[in-house]
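Structure, as structure tokens:
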Amino acid sequence: EAGVAQSPRYKIIEKRQSVAFWCNPISGHATLYWYQQILGQGPKLLIQFQNNGVVDDSQLPKDRFSAERLKGVDSTLKIQPAKLEDSAVYLCASSRLEGTDTQYFGPGTRLTVL
Amino acid sequence: AQSVAQPEDQVNVAEGNPLTVKCTYSVSGNPYLFWYVQYPNRGLQFLLKYITGDNLVKGSYGFEAEFNKSQTSFHLKKPSALVSDSALYFCAVRPRYSSASKIIFGSGTRLSIRP
């Protein structure tokens, strides 16, 4: 079974620029998560989708971050405009169901904002 | 506030010795508990989880963890460490009686196994 795919793997931008990340979850997984992992910290949930609906986006900085999951499969996470403190690894994960179901993580996108 | 604590930033163990990576939590009720491992430049990999039942949970790669309700702990253990176990380990909890499925991760413990 193919794992969670993410692209790009690395991205370097200047502050105030915009950037987008793409995630393709494991086939058949209804739940998709975006996490932000700052160096030296554990992942922090940004947004969770159940199919194409948002379940939790309480920690998403909505003034600059947006995410969508059209058709309930692939998802994109966008930052516009980026700030220096957005430098982090952005992880996408998926699970068959929500709740206690195991989350499977992609390799992440390392974002550097200069 | 709900939280997860991994009190050790780094744990150093000689190959062949037993290892323990500590995790304590502050969550109301009996939460769901997880351990994940992260290798360099890779995403997190699931190791094991506690949902209910036996307090000792066995997982991947010979790891196990013990849920201790009175001490609110979920320490990760392995009887005999391998050099290949060297990685970053994250403990995570999810409140059991909550409509939100948000999992809270600890800050991670770097495990280093010396030959």
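Remember, it's a predicted structure, so these values are computed and weren't measured experimentally. The sequence lines fix the lettering, A, B, ..., with proteins before strands; numbering per chain opens at 1.
Comparing A:P43, A:G108, A:G106 by heavy-atom pairs within less than 4.5 Å of chain B, the highest count is held by A:P43. When the candidates B:V4, B:I104, B:L44, B:L88 are compared by the number of heavy-atom contacts under 4.5 Å with chain A, B:L44 comes out ahead.
By the 4.5 Å heavy-atom criterion applied to side chains, B:E66 and B:K77 are counted as neighbours.
Not less than 6.0 angstrom separates the ring centroid of B:F105 from the ring centroid of B:F34. Ring centers of B:F74 and B:F67: at least 6.0 Å apart, outside the cut-off.
With a 4.5 angstrom heavy-atom cutoff, A:Q59 touches chain B only via side-chain atoms. For B:Q38, the part lying under 4.5 angstrom from a heavy atom of chain A is the side chain only.
Both tests hold for B:K78 against B:F63: distance to the six-membered ring centre under 6.0 Å, angle to the ring axis within 45°.
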